[in-house]
Amino acid sequence: MKYVSIIVDLPVKQVNQTFSYHIPEKLEETIGLGKKVIVPFGPRKIEGYIVEIKKQVEFETKPIIKVASDYSLFDQELLELAEWMANYYQCYLISALKAIIPSGKQRVKTKRVVNLAQSDQETNEIISQLEKRAPKQAAVLFYLVKNPAQQLITTNLAKKVNTSSGTIRRLFKKGLIDYNKEEVKRIPYQDTNFKKTTPLAPTPEQEVALSEIKAAINSQLDTTFLLKGVTGSGKTEVYLQSISEVLSQGQEAIVLIPEIALTPQTIARFKGRFGKQVAVLHSQLSSGERFDEWRRIKEGKAKIAVGARSAIFAPFSNLGLIVIDEEHETTYKQEDHPKYHAREVAVKRAKLNQAVTILGTATPSLESYYRAQKEEYKLLELSKRIEDRPLPKVELVDMRQELEAGNKQMLSRSLEKEIKARLEVDEQVIIFLNRRGFSTFVQCRKCGYVMECDECDVSLTYFSQSQILKCNYCDFTTKIPEECPDCGSSYIKYFGVGTEKVERALQEIFPEANIARMDRDTTTKKGAYQRILSSFSAGEIDILVGTQMIAKGHDYPNVTLVGVITADTALNLPDFRASERTFQLLAQVAGRTGRGAKAGQVIIQSYTPEHYSIQQAKEHDYQSFYEQEIIFREEMEYPPVTHLINIIVSDKSEDKTIKVAQRLGEIINAKLKDTADKQLLGPVQAPLSKIRGEYRWQLLLKGRNLEELRQLNQMSLQELEEVKELKSVKISIDIDPIGVL
DNA sequence: AGCACGCCGACT
DNA sequence: GTCGGCGTGCTC
């Protein structure tokens, strides 16, 4: 008799372990590691994944009911990677596995949402009947009447009215609610024709980098390179020729690109060189298309996977190279569980395969450069742009002096003058707005009242097109009030320098110019993002105004001026990465110009131009920036010198949240007593103190040894579980958080 | 998670 | 007494 170990598809602590089953004879042929199966589990049937095939078993077993996938969804190597992730990021193995296997795959992705089974009126009657006998059920129905079209699944609904899933099941049994399968839709991706490209002759610097990389590829050691190359220095050509080398060894390659830069232009560069051998994996593919690409990789038809974060799990069997472009980008860190960082996973996966990793960027993350300094990574530099084009000249404008000189506009005199000059010679301009950390909000000018979301601790964002106020954290939307809800005054005003405001101001000064705007507001519609960029690239737009999304990877040879309206908004955030982000952003934005034959110019407006992150960005001097920033990190004991674990405690009850956070704090502190190399910050109210009606408190663990921190964290949480009455409170762990905001 | 089991207050 | 809600524990 053959047996298997199964991980069941339930992200719950109690079943975060393997369960043994036996294989009925007729399924023996189709069984295998990584197959999805249906198994009996208590009184019901659930999905699970085979993680081991074995001959003996120490339990009385039930049989597997059926095999639910044609393919093995992961092999031994990817299973090992999942186990590493589960341990490193402290998540359930099933969560790590589900991050690895193709998402949206075989079947259309659906969620089971709860609906009322009768009209609101009838429901209201039922509520009054139930209220006494079954207050919880009445509360659930009441919630559904009050919040139609919220499309909640059982668990979330139960949480909303503070009850268990059992209550909802009882309502279903009574026929008062029913379940609807709701499709999670995806936007299809259109393929284009790709022009064939041939390898370019490398510059001397590229030559050096390539020879080192090729040597590493041939040595079969898991070397990690940090390829630090200024914008426009030809990093992509290095990637392409490295991939060629790997292919000639009969091995495969993965290329990660930030989602936002995964445009047809970027894909064309890889498809143009390697044609059909390239599989593209990103979130905008339909589930069918994505699964097709996944199968091409699995079957060995594609040798190169190009994609966003999750492409790091491409199912290759002989991986030789992983490239991470723009390695400093924070989008490589997954926001929800498992909160993995693709860069860390890549280095681990390379190790499992004796593969080479190339981390490419103009502005390395402090983490990567720190490791390069310690020679954990090998540093390769491309300091010159192709054809020796100069880096753009950067001018800093002190906005305080502008104001003193009587200019109250948001455009400095010098930026206005330069824009005018470009328009006269038909060159293009990009105006960049660093909006991270604040958005347009609505405030009463009389009493200062700010419109906020009831469920979340944030001010509502103003969308002028639709004349509404919206919460960025939940789906709450509302109309702009005529009067202040607090004092009744009608002096309600919209604040914040939005892209829209900049656009309008520019249009006023330059009525003749064609101005387009790109931000979340204008790119929500399908394909809008592409449309704006291609029209800009075709020269139909003179000035493009936008947020972070225009800072990434495109080549516009006719752009000769980039203006940054406010360089320092991110600097004022209470986050230890504030300077790093500011420097990276300014350097990236500056890189958008001067990429053609014409020289480029950058004007940065700032209220704190003396800050080193801004000064060093002006000089294009990463090295100096790093040296100054690492001193700050050393002093404050922040990453990359230390590791962090962010613990978020959240619950609908503020009282319970605080109690749990404080109890956890006590437990940790007791364990920290005689250690100097680890510390606990908090518990404190989280910077976002309330999201979707849940209160949030935060604890931050800091220390040089991550393994020790992790153990401390685990032991403390275990001890916390003994406090029974506080068990329902949610605790979320973030290992190596990107920010603590 | 989601199912059965068993305790306990309310009501023909 | 019995009906049904709600907390608890278990799933190879």
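Computed from a predicted structure; not experimentally measured. Numbered from 1 within each chain, the chains take letters A, B, ... in sequence-line order.
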With a 4.0 Å cut-off on heavy atoms, is [X] in touch with a base, just the backbone sugar-phosphate, or nothing at all?
X: A/Lys174; answer: sugar-phosphate
X: A/Gln137; answer: sugar-phosphate
X: A/Arg170; answer: base
X: A/Glu58; answer: nothing
X: A/Pro11; answer: nothing
X: A/Tyr21; answer: sugar-phosphate

Once you round it to whole Å, what is the distance between [atom2] of [N] and [atom1] of [X]?
X: A/Phe19; N: B/dA1; atom1: CZ; atom2: P; answer: 15 Å
X: A/Phe172; N: B/dG2; atom1: CZ; atom2: C1'; answer: 13 Å
X: A/Phe59; N: C/dC10; atom1: CZ; atom2: C1'; answer: 12 Å
X: A/Gln14; N: B/dC3; atom1: CD; atom2: P; answer: 16 Å
X: A/Arg169; N: B/dA4; atom1: CZ; atom2: C1'; answer: 9 Å
X: A/Phe41; N: C/dC10; atom1: CZ; atom2: C1'; answer: 8 Å
X: A/Ile6; N: C/dT11; atom1: CD1; atom2: P; answer: 17 Å
X: A/Glu52; N: C/dC12; atom1: CD; atom2: P; answer: 18 Å

If you check the [X] side chain, which of [options] turns out closest?
X: A/Pro43; options: C/dC12, B/dC3, C/dG5; answer: B/dC3
X: A/Thr167; options: C/dC6, C/dC12, B/dA1; answer: C/dC6
X: A/Val12; options: C/dC12, B/dC3, B/dA1; answer: B/dA1
X: A/Arg44; options: B/dA4, C/dC12, B/dA1; answer: B/dA1

Query raised in the report: Atom CZ of A/Phe41 and atom CD1 of A/Ile46: how far apart are they, to the nearest 0.5 Å?
Result: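 Here the rounded value is 4.5 Å.
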
Requested in this report: Enter the distance from A/Leu664:CG to A/Glu719:CD here, rounded to the nearest 0.5 Å.
Outcome: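 Interatomic distance, A/Leu664 CG to A/Glu719 CD, rounded to 0.5 Å: 9.5 Å.
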
**Report entry** Worked verdict on A/Gln711 versus A/Asn713 for side chain to side chain donor-acceptor pair (under 3.5 Å)
**Finding:** CA-CA 5 Å; A/Gln711 269 170 26; A/Asn713 175 47; over 6 Å; no

Query - Residues, nucleotides or ligands: over 12 heavy atoms within 6.0 Å of A/Phe142 CZ - result: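 It does not: A/Phe142 CZ has 12 such atoms or fewer within range.
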
Query raised in the report: Is the shortest distance from a Lys or Arg side-chain nitrogen in A/Glu28 or A/Lys2 to a carboxylate oxygen in the other one below 4.0 Å?
Result: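 So A/Glu28 does not pair with A/Lys2 through a salt bridge.
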
